[in-house]
Amino acid sequence: MEGSLAARVRDSIYDPDPIDAAERTKDVVAQALREADPSSVVSKTSHFNNSFMPDLVIEWPDQSQEVRSVFLRPTRDFGWLREDVESTGGALSTFISLDNLLLDSDRSSEDRENLEVASRRNGSFVTEVASIEVLADASRQPGTGASLLAAAVVRGGLGVLDPAGADDFEQQINRAFEGARITELEPTSAGVDALNSHLGGVQAAKLGGVMQAIWTASGGSPSAFPSNQAQISTTFDSDSLAFLLRFGDTDDEDFWARVARGADLESIVAAAASDRTWSGLQNLMKHSVRRLTAKVCAVRQDKEHGDAKLRWQVSDGMLVLTGLGISSSIASTSARVTIPNLNNDGLDIAELLVRARRASIAVSEFKASNGDVSVSYGSNSQSDITDDEEAASLGQALDGRVLVTNATANILDSHRVDVSFVTGRAAGRSNAQVSLAELVWSSINLLANTRPADRRQLAEALRRDV
Amino acid sequence: MKHVGYSRPMAGEQLHEKGADGARRAKIWLDRTTRAEARWVTPDPTAVPKLTFPWANPNSEPFSFDLGGLLRGGDVDGQEFLAECKNYKDAADQGSLYRAYLAKCYCAFRSRPDRCDNFMWITWAPFSITKWTDLCSASYVKAAILDHSAKALNEPDRKVAVSLISDEMVEQTAKRLWLIVLSQRQEATLMMSKEHLGLIRKFEAEGAS
């Protein structure tokens with residue numbers, strides 16, 4: 001039965017004005033493709049039903065995905081369509097039938113088989129709007145494997161896909177994802193086969209990777225996953241992680257613990273960037289925060305969130321911890337820091353020592369300045385100076401006349417973190433990545449004035465003993 | 001000495017297939033010139049209504065052209081064309097078919113001048129050789145209309161029909177006529193190569209908006 005999108009295409013293509021028919025049809029199909037893959041940019045060419053020029057071009061500017069040519073075909077002749085596929089098609093070509101050629105045909109007919117052979121031989125994808133509509137409808141069912149199919153076929157469909165085939169594909173993949181959730185081999189294996197049948201190599205591998213991520217996160221052995229890929233990966237790529245973040249089982253702590261084992265800071269930031277609810281991210285960070293490493297933490301006052309509870313999110317390409325009137329942005333390299341530096345004056349020496357002591361942060365040196373003259377105090381053996389009487393005396397003697405601009409904190413005894421009270425940033429020394437949890441703890445407690453209740457909340461968020 | 005020839009006429013479905021094949025071949029050739037784009041091809045159901053025009057006689061079945069599309073580039077950019085294709089090995093009855101076609105062109109232009117920028121007769125076999133240079137003339141068009149006056153003018157009486165013809169429209173119709181003769185060798189060899197077409201495709205795809 002024809003869906004609403006297919007009906008709109010038929011209404012357009014049967015417009016009696018030939019120029020309007022062409023433009024309206026291209027508009028409807030372009031919109032259908034955009035809805036199927038919202039990350040795509042679909043452009044119209046000035047052509048319609050040209051034997052060698054595409055009608056539409058699909059690009060993905062922010063991703064390493066090659067441009068795809070889309071050829072619209074109003075023909076009801078299988079032979080003509082096959083000739084077009086053979087002469088014009090290729091690995092980056094999609095042919096879309098506009099007049100229900102596939103819907104009305106017998107799959108077992110010789111014409112269909114010849115078309116299937118031709119399209120697979122040169123890596124083309126042949127479908128019609130009704131098929132895309134089936135998958136686009138499925139994409140609106142969150143938490144299902146089929147929700148990923150519409151974008152996947154737009155990017156890399158293969159062979160011939162009619163509406164009934166799209167329906168079968170959707171159901172097979174849903175069964176496969178459910179099978180992966182309970183590590184059941186048969187439906188998972190059937191799903192992998194379906195992916196390889198209907199998608200080109202890159203897309204089949206991507207969705208297979210998501211399925212494998214679910215399998216692994218659900219306790220399945222990576223080597224037992226029914227994949228024909230040469231390498232079994234133990235880390236999740238950002239697509240897989242994004243799916244898990246949005247649709248993972250939120251009650252299963254073991255699930256999130258397993259997901260955490262396959263994630264690093266960069267993959268978490270990439271995966272969570274498009275998720276505006278952040279609920280999966282809270283679960284993942286609970287199990288990741290003590291495992292992750294980072295390079296830089298920038299601390300800012302955040303009046304917008306006031307005294308709100310601490311919460312993880314992603315902003316400007318960085319992992320951010322908000323709450324307690326503070327926003328702490330964390331990155332794996334200095335180059336990934338996207339927020340500008342502050343330009344503060346610095347901190348009293350006495351205040352530095354108080355902050356360090358109450359948060360149990362070992363500070364091995366500091367430098368203070370009045371803009372003209374600077375003084376530094378530190379331990380040659382890099383031990384903690386926060387309880388040194390000399391340091392306290394220096395603070396009293398220079399009270400108000402110099403301000404601390406930089407200090408060095410010791411993280412887990414072996415790593416050094418340079419804290420700038422001018423720029424509001426703390427960073428592992430040289431190329432060192434340090435414990436994310438300890439970096440954030442030191443950064444917030446030195447760069448901001450925290451209360452005991454704040455420190456208790458922060459310790460809980462960082463899975464740290466107070 | 002007289003010569004009598006005989007050939008077995010093709011069955012309806014064979015004629016139909018041959019015709020469709022001719023339309024298809026003409027479309028590919030036109031597209032690959034890069035100066036024309038044959039968007040609508042009989043017998044595609046989506047194409048037929050756009051290629052169909054009425055006779056002046058309301059009791060006559062409407063007629064359809066085989067192809068329709070746009071010219072591209074230069075002074076003709078955006079002009080529409082309608083084409084009739086004759087996938088024939090020899091002249092056969094093209095002479096009479098061509099005259100009927102001219103009457104159709106006149107009627108199409110009269111009913112929808114906005115759709116009738118160009119009329120193309122595309123054949124694989126020359127015909128009416130002794131009259132070849134006149135085939136696109138206004139006088140030839142006028143004579144063809146009179147031959148089909150019952151449909152084209154809704155007036156079977158030729159003497160009355162003459163007064164119903166618009167000479168201005170005949171002139172305009174004649175100006176829009178093209179005669180194109182193709183050959184199999186031309187289609188196979190004298191078309192732009194796949195590699196060059198690929199370059200053009202890449203260039204135009206980059207300009208898509």
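A quick note: this is a predicted structure, and the numbers were derived from the prediction, not measured. The figures that follow rest on heavy atoms only: side chains count, while hydrogens, waters and symmetry mates do not.
- Contact of A/Pro16 with chain B is made through the backbone alone, with heavy-atom distances under 4.5 Å.
- Ion pairing between B/Lys175 and B/Glu171 fails under the 4.0 Å rule for side-chain N and carboxylate O.
- Of the two parts of B/Thr52, neither the backbone nor the side chain holds a non-hydrogen atom closer than 4.5 Å to a non-hydrogen atom of chain A.
- The aromatic rings of A/Phe95 and A/Phe71 lie parallel to each other, their planes meeting at an angle below 30°, with 60° marking the opposite boundary.
- Comparing A/Gly90, A/Ser69, A/Ser46 by heavy-atom pairs within less than 4.5 Å of chain B, the highest count is held by A/Ser46.
- With no hydrogens or angles considered, no side-chain donor-acceptor pair links A/Ser109 and A/Asp111 at under 3.5 Å.
- A side-chain donor from one of A/Arg155 and A/Ser39 sits under 3.5 Å from a side-chain acceptor of the other.
- Heavy-atom pairs under 4.5 Å with chain A were tallied for B/Lys27, B/Lys194, B/Arg72; the largest tally goes to B/Arg72.
- Remark: the A/Thr338 side chain and the A/Asp316 side chain contain no N/O donor-acceptor pair separated by less than 3.5 Å.
- Counting all heavy atoms, side chain and backbone alike, B/Glu37 lies closest to A/Phe48 at OE2-N, 2.9 Å.
- With a 4.5 Å cut-off on non-hydrogen atoms, B/Arg115 touches chain A through its side chain but not through its backbone.
- Below 30°, between 30° and 60°, or above 60°: for B/Phe119 and B/Tyr101 the angle between ring planes is above 60°, a perpendicular geometry.
- For A/Asp84, the parts sitting under 4.5 Å from any heavy atom of chain B are the backbone and the side chain alike.
- If you measure heavy-atom distances from B/Glu80 to chain A, the contacts under 4.5 Å come from the side chain alone.
- Within the 4.5 angstrom heavy-atom criterion, only side-chain atoms of A/Asp99, from C-beta onward, approach chain B.
- Only the side chain of B/Leu70 comes within contact range of chain A, with heavy atoms under 4.5 Å apart.
- Each of A/Val29, A/Ile96, A/Thr94 was evaluated against A/Leu56; a single residue qualifies, A/Val29, per the side-chain contact (heavy atoms from CB on, under 4.5 Å) test.
- For chain A, no part of B/Ala47 is nearby; none of its heavy atoms comes within less than 4.5 Å.
- Taking chain A as the reference chain and counting heavy-atom pairs below 4.5 Å, the highest number among B/Ala205, B/Pro43, B/Pro49, B/Pro45 is found for B/Pro45.
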